[in-house]
Amino acid sequence: MPAKPEPDAVAASVVPAEAVTPLIRGVAVLHRLTEAGGTLSLSGLERATGLARSTVDRVTATLARMGYVRLDGRDVFLAPRLMELGNAYLAALRLPALLDARADALADELDESVSLAVADRDGIRFIHQATRRRAMSLSFRIGDLLPAERTAPGPLFATEWTEPDWQAWRRRRTADPEDRSFPAVPPREVPGAEGDFERRVAAAREYGWALDDQLIEPGLVAVSVPVRDPRTGRVVCAASVVSHTSRHTAADLRDTLLPRLRTAVRAMEDDLRAAPPRKGEAAPSGLATWTGASKQELGREFVESLARGLTVLTAFGEGRSALTLTEVAQATGLARATARRALITYEHLGLVRAADRFFELTPRVLGLGFPPLSRTTLPEIAGPRMAELAARVHESTSLSVLSGTDIQYTARVATGRVMSVNLAVGTRLPAYATSMGRVLLADLPEQDRTLGPLRPLTAHTVTDPAALAAVLDEVRAAGHALVDEELEEGLRSVAVPVRDRAGRAVAALNVAMHAARHSVQECVRDILPELRRTAALVEADLHVAGRFTRIPVS
C-alpha cells in the first residue's frame, strides 16, 4: 500500500458498501487543499479531485459552514478551525503534551532544530517541531509525511516491521520511485541503491540510532534515537536533531550531538514511565449540531452526511484514544448507524484503525490540513475576521502587540472613506496614549508596566502617572479601552484584548474613526459589541490553532 494513498485512488478502489460517499469526497477536497499549501481555486479543486463542479461547490460550502474552510470569491482557503481534527489525534496520542518540553529544551541547548515523529505505515509523520530561526532552517511542519527510507527516524521504525510491511514498502517504491506522493519532500532525483534502506535498518537495530546524511536534499542532515514505551519496549516515536552541513556533518552529529540526544531521550522515557494515567476527559458535548437543524436552516448546499462524518473525528482526544462505536455515538450525538458508517469510511481511508471493538485515530488525520495551518500566525488568523468587522461597522480596524513602551501594528483593514485612519502594518505608537496600548498594559501586573515618558500629544492626553494608573485599572475591569482624541485631535478609538489559551492578552483589536462620525456613547453602544464579537471569533480560532503549535503574534 502506498505511504500516502491518493484520496481519489482510495475512493476509486473497492469501497465498502456502507461507506459514506460524500465523506470520501470531502476528505479528498481537504487532502488536495493541504497538498496545495492551503488554498486552491474552485476550478483547481475540480481538476485536482476529478469531482464535478457542482459537487465541489457543495462540499466547500459545507466545509465553510463548519468553519473548516473560508471562501473568498473563487478561492478556497483552509481555516484554523480545521486543526481541531489533528488536535483530536494529537490529544489522543498524548506524546506531544508529555514530551514537547524536553524537545524544546534540547533545541535550546544545542541551538539546532529538534523533531518528534511517529510511524505512518511506511512513512514517518512529524508530531512536534522545535525549530531554529535561521536563513537556512527546517521547513518541515507538524503533520508532514516523509518516506521512511529518506529519513533518520525511518530505519528505527522499520526495525519493527513485519514481512507484510516490507512487501507494502517495496510495492510503494516500485509504484512511486520518485516519491511524487510525498509533497513535503523534493522528488527523488537519483534512485536509491537496492538494499541501502535494509542495511540502514540493520544498523539501526544494532546501534540504536540512525543517520540521515542528505537523503532528503543536499545539506540536510539528522540523527535520530527511538523513544520507547517503558511498558512494552516498542518504539512510540523518534526524536531527531536536524542540522545543515554548514554547521555539522552527519559524522559531527553522531560524534558530538548524539550523546546529548540520547540523554534527552532517556529523560523522555522517564517522563513516559512517570506519566499519570490518562485523564477521563469528558467528551465534547453537542458536536453534531447539524443533526438538530432543519435542511432549510442549513441551506440546500449543506451536505449533512459530510458534516456528521467529520464530527466523528472530534469524538477522540485526551483520555479518549480508543473508543467503542457506542462511545463515539454518545460523544457526537449521532445515531449508532451513522457513526458506524463514518468509522467504516475512515477505516477504508486509513484515518481510523479498528482493533477488537475499539477504534483509534491514525497519524493520517494530520494530513487533513494540519501542515499548512501549523505555521499560521495571529495576523493571518485575525485578518479575515477583521475584514468582516470593517465591512459591518464601515470603519478601519487594526491588530497590534505590545513592544516595549509602544504598540506595533501587525494587521490592518482600512475602509474606503475619503477621510480615514491611515496607518501601516509595522507602525509603532506610544502605548499609553492608544486604546490598544491601554488594553495590553492593563493586562500586565502594575509592576511590569513600562510606560516610557508621558508626553502630551494633544490637549486631552493623560500624562499624570497616578491618573493613568487609575485609567488602566478601569480598563482592566471593563475589558475594553476607549481613547478620545488623546493620540491625535479628532481621532477616537475603542479596543479589546485578544487572549491566548492561557488567558493572557497577547494582542489588542481596535476600531478607529474620526470623532465626528461616532459619539463616545455610540462607540460603546454600536461598535464595542461588534468588536467583542470579532475578538471572540479570533480567540476561538487562536485557541484551536495554538493547542499543539506556537502561534507567532506578529
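Using modelled atom types, one side-chain atom of Arg320 and one backbone atom of Ala315 make a donor-acceptor pair closer than 3.5 Å. Between the side chain of Thr397 and the main chain of Met386, no donor-acceptor pair closer than 3.5 Å is present. Counting only distance, with no hydrogens or angles, the side chain of Glu485 and the backbone of Gly490 share a donor-acceptor pair below 3.5 Å. Between the Glu539 side chain and the Arg499 main chain, a donor and an acceptor come within less than 3.5 Å of each other. Looking only at distances, a side-chain donor or acceptor of Arg81 sits under 3.5 Å from a matching main-chain atom of Met66.
Put simply, CG on Leu30 and CG on Leu306 are 8.0 Å apart, with the number rounded to the nearest 0.5 Å. Annotation: the span from Asp406 atom CG to Leu429 atom CG amounts to 7.5 Å, rounded to 0.5 Å. Rounding to the nearest 0.5 Å places NE2 of His480 at 13.0 Å from CG of Asn510. Between atom OG of residue Ser41 and atom CZ of residue Arg47 there is a gap of 5.5 Å, rounded to the nearest 0.5 Å. Note that the NE2 atom of His514 and the CD atom of Glu395 stand 10.5 Å from one another [nearest 0.5 Å]. Rounding to the nearest 0.5 Å places OG1 of Thr450 at 7.5 Å from CG of Asp448.
Legend: residues meeting side chain to side chain donor-acceptor pair (under 3.5 Å) with Thr377, ordered by chain and number and at least two apart, are Glu380. Contacts of Thr62 classified as side chain to side chain donor-acceptor pair (under 3.5 Å), with partners at least two apart in sequence or in another chain: none. Under the rule for a side-chain contact (heavy atoms from CB on, under 4.5 Å), the partners of Thr21 that lie at least two apart in sequence or sit in another chain are Arg25. Evaluation of the side chain to side chain donor-acceptor pair (under 3.5 Å) rule for Glu84 yields Tyr68 as partners, not counting sequence neighbours. A search for side chain to side chain donor-acceptor pair (under 3.5 Å) contacts involving Arg449 returns nothing, not counting sequence neighbours. With sequence neighbours left out, Arg501 forms a salt bridge (Lys or Arg N to Asp or Glu O under 4.0 Å) with no residue at all. Annotation: salt bridge (Lys or Arg N to Asp or Glu O under 4.0 Å) contacts of Arg102 (sequence neighbours excluded): Asp271. In this structure, the salt bridge (Lys or Arg N to Asp or Glu O under 4.0 Å) partners of Arg550, at least two apart in sequence or on a different chain, are Asp104. Not counting sequence neighbours, Asp75 has no partner by the salt bridge (Lys or Arg N to Asp or Glu O under 4.0 Å) test. Applying the side-chain contact (heavy atoms from CB on, under 4.5 Å) test to Ala105 and every residue at least two apart in sequence or in another chain returns nothing.
Looking at Ser554 and Thr410, their side chains never bring a donor and an acceptor atom within 3.5 Å of each other. Residues Thr461 and Thr463 bring no donor and acceptor atom of their side chains to less than 3.5 Å of each other. No side-chain donor-acceptor contact under 3.5 Å links Arg341 and Ser305.
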Give every donor-acceptor pair under 3.5 Å between a side-chain atom in residues 470-478 and any protein atom, sequence neighbours left out.
{"residue": "Arg476", "atom": "NH1", "partner": "Ala442", "partner atom": "O", "Å": "2.5"}
{"residue": "Arg476", "atom": "NH1", "partner": "Asp443", "partner atom": "O", "Å": "3.2"}

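In this structure the side chain of Thr362 never reaches within 4.5 angstrom of the side chain of Tyr89, judged on heavy atoms. Proximity of Val76 to Leu63: side-chain heavy atoms (C-beta onward) are nowhere separated by under 4.5 Å. Looking at Val20 and Thr338, their side chains never come closer than 4.5 Å, going by heavy atoms from C-beta outward. Here the side chains of Arg385 and Asp541 are in contact, with some heavy-atom distance below 4.5 Å. Counting heavy atoms from C-beta on, the side chains of His128 and Leu99 never come closer than 4.5 Å. Here the side chains of Val242 and Leu220 are in contact, with some heavy-atom distance below 4.5 Å. Counting heavy atoms from C-beta on, the side chains of Ile216 and Phe140 come closer than 4.5 Å. Contact check for Val365 versus Tyr346: no side-chain heavy atoms found under the 4.5 Å cut-off.
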Candidate pair Thr458 and His460, rule side-chain hydrogen bond (donor to acceptor under 3.5 Å, both in side chains), full reasoning: CA-CA 5 Å; Thr458 73; His460 308 283; 5.2 Å; no
Side chain to side chain contact (heavy atoms under 4.5 Å, CB included) between Leu361 and Leu85, intermediate numbers included: CA-CA 10 Å; Leu361 300 183; Leu85 304 184; over 6 Å; no
Gln129 vs Thr549, side chain to side chain contact (heavy atoms under 4.5 Å, CB included): CA-CA, chis, key distance, verdict: CA-CA 9 Å; Gln129 293 281 9; Thr549 62; over 6 Å; no
Steps toward side chain to side chain contact (heavy atoms under 4.5 Å, CB included) verdict (Leu116, Leu95): CA-CA 9 Å; Leu116 298 177; Leu95 292 177; over 6 Å; no
Worked verdict on Ser403 versus Arg428 for side-chain hydrogen bond (donor to acceptor under 3.5 Å, both in side chains): CA-CA 8 Å; Ser403 179; Arg428 297 171 71 99; 3.1 Å; yes
Trace of the side chain to side chain contact (heavy atoms under 4.5 Å, CB included) decision for His31 with Leu368: CA-CA 6 Å; His31 272 301; Leu368 301 179; 3.9 Å; yes
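Note on Glu522 versus Arg492: no salt bridge recorded, every NZ/NE/NH1/NH2 to OD/OE distance being 4.0 Å or above.
Here the shortest heavy-atom pairing between Ala481 and Arg438 reads CB-CB, 4.1 Å. Taking every heavy atom of both residues into account, Ile381 and Val538 meet most closely at CG2-O, 4.1 Å. Closest non-hydrogen pair, Gly309 versus Ala342, comes out as CA-CB, 4.1 Å. Leu82 and Gly369 make their closest contact through CD2-CA, 3.8 Å (heavy atoms, listed as atom of the first residue, atom of the second, distance). Among all heavy-atom pairs drawn from Ala61 and Leu71, the shortest one is CA-CD1, 4.4 Å. Scanning all heavy atoms of the two residues, the minimum distance from Val413 to Gly383 falls at CG2-O, 4.3 Å.
With a 6.0 Å radius and a threshold of 12 heavy atoms from other residues, nucleotides or ligands, Arg504 has its CZ atom at or below the threshold. Residue Glu446 qualifies as open at atom CD: its count of foreign heavy atoms under 6.0 Å is 12 or below.
Counting only residues at least two apart or on different chains, no salt bridge (Lys or Arg N to Asp or Glu O under 4.0 Å) pair has a member in residues 451-467.
Exactly one of Leu457, Val462, Ile407, Thr405 qualifies for a side-chain contact (heavy atoms from CB on, under 4.5 Å) with Tyr432. That residue is Leu457.
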